[in-house]
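First the structure, in the form of C-alpha cells, and then the observations on it.
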Amino acid sequence: MATVSRHEVEECARGDAALTRAFAVLGKRWSGVVLGVLRPGPAGFREISRAIGQVSDSVLSDRLSELTKMGLIARAVEAGPPVSVSYELTDGGRALMPALDEIARWAQEHLPEE
C-alpha cells in the first residue's frame with residue numbers, strides 16, 4: 001500500500017478548497033451561462049436576458065451582481081440620456097473560458113441530455 005505524504009495531503013486540501021470556492025460561484029444556476037453570453041463582448045441587461053431566455057430578471061440581476069463582486073465581470077455605466085449599463089468579462093472571466101469549454105465538452109460526452 002502506497003503512503004501519502006503530508007505535502008500531498010495539504011496540496012489535495014488546497015485543491016478541494018479552491019474547487020469549493022469555484023463551484024460556490026459557478027454552481028449557481030445561470031452563472032456559467034451568463035459568462036458564456038458575455039464571451040463575444042459587452043452586453044446590456046436586456047441583451048443578456050434575451051440570449052438566455054429562461055432566466056427571471058431578479059435572478060439575472062443577482063448573478064450579474066455576484067459575478068461583478070467576484071471580479072469575473074465588470075459593470076460599466078455610460079451617462080445618457082438615456083443612461084446605459086453594460087457588462088463585460090474581466091481578465092479573470094476570460095481566463096475562466098477554457099475551463100468552461102472543457103466542462104461543456106465533458107458534459108456533451110458524459111452526461112445525458114435532458
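The residues of the chain are indexed from 1 along the displayed sequence.
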- Query: Listed by chain and number, what are the side chain to side chain contact (heavy atoms under 4.5 Å, CB included) partners of Ser58, not counting sequence neighbours?
  - Reply: Ser56
- In this structure, CD of Gln54 is separated from CG of Leu60 (nearest 0.5 Å) by 13.0 Å
- Query: Going from CG on Leu64 to CD1 on Ile48, what distance comes out if it is rounded to the nearest 0.5 angstrom?
  - Reply: 5.0 Å
- Message: My understanding is that only residues two or more places apart in sequence, or in another chain, count here; which of them pass salt bridge (charged side-chain N to carboxylate O under 4.0 Å, His left out) with Arg94?
- Response: Asp91
- Note on the structure: Sorted by chain and number, sequence neighbours left out, side chain to side chain contact (heavy atoms under 4.5 Å, CB included) with Val77 holds for Arg75, Val83, Val85
- Query: With no hydrogens and no angle check, is any side-chain donor or acceptor of Thr90 less than 3.5 Å from a backbone partner on Gly71?
  - Reply: yes
- Message: Going by side-chain hydrogen bond (donor to acceptor under 3.5 Å, both in side chains), name the pairs with one or both residues in residues 98-107, residues two or more places apart or in two chains.
- Response: Arg39-Asp101, Glu102-Arg105, Arg105-Glu109
- Note on the structure: Separation between NZ (Lys69) and CG (Leu72), nearest 0.5 Å, reads 13.0 Å
- Message: If I take atom OG from residue Ser86 and atom CZ from residue Phe45, how far apart are they, to the nearest 0.5 angstrom?
- Response: 13.5 Å
- Task: Just grab all the side-chain hydrogen bond (donor to acceptor under 3.5 Å, both in side chains) pairs involving residues 40-53, residues at least two apart or on different chains.
- Result: Arg46-Asp57
- Carefully, step by step, assess Leu26 and Leu35 under the rule side-chain contact (heavy atoms from CB on, under 4.5 Å). CA-CA 10 Å; Leu26 298 175; Leu35 293 167; 3.8 Å; yes
- Item | From CG (Leu89) to CD1 (Ile73), nearest 0.5 Å | 8.0 Å
- So side-chain hydrogen bond (donor to acceptor under 3.5 Å, both in side chains) across residues 27-38, not counting sequence neighbours, yields Lys28-Glu66
- Item | Derivation of the side-chain contact (heavy atoms from CB on, under 4.5 Å) call for Val37 and Val34 | CA-CA 5 Å; Val37 167; Val34 168; 5.7 Å; no
- Note on the structure: The reported gap from CG in Leu38 to CE in Met97 (rounded to nearest 0.5 angstrom) is 8.5 Å
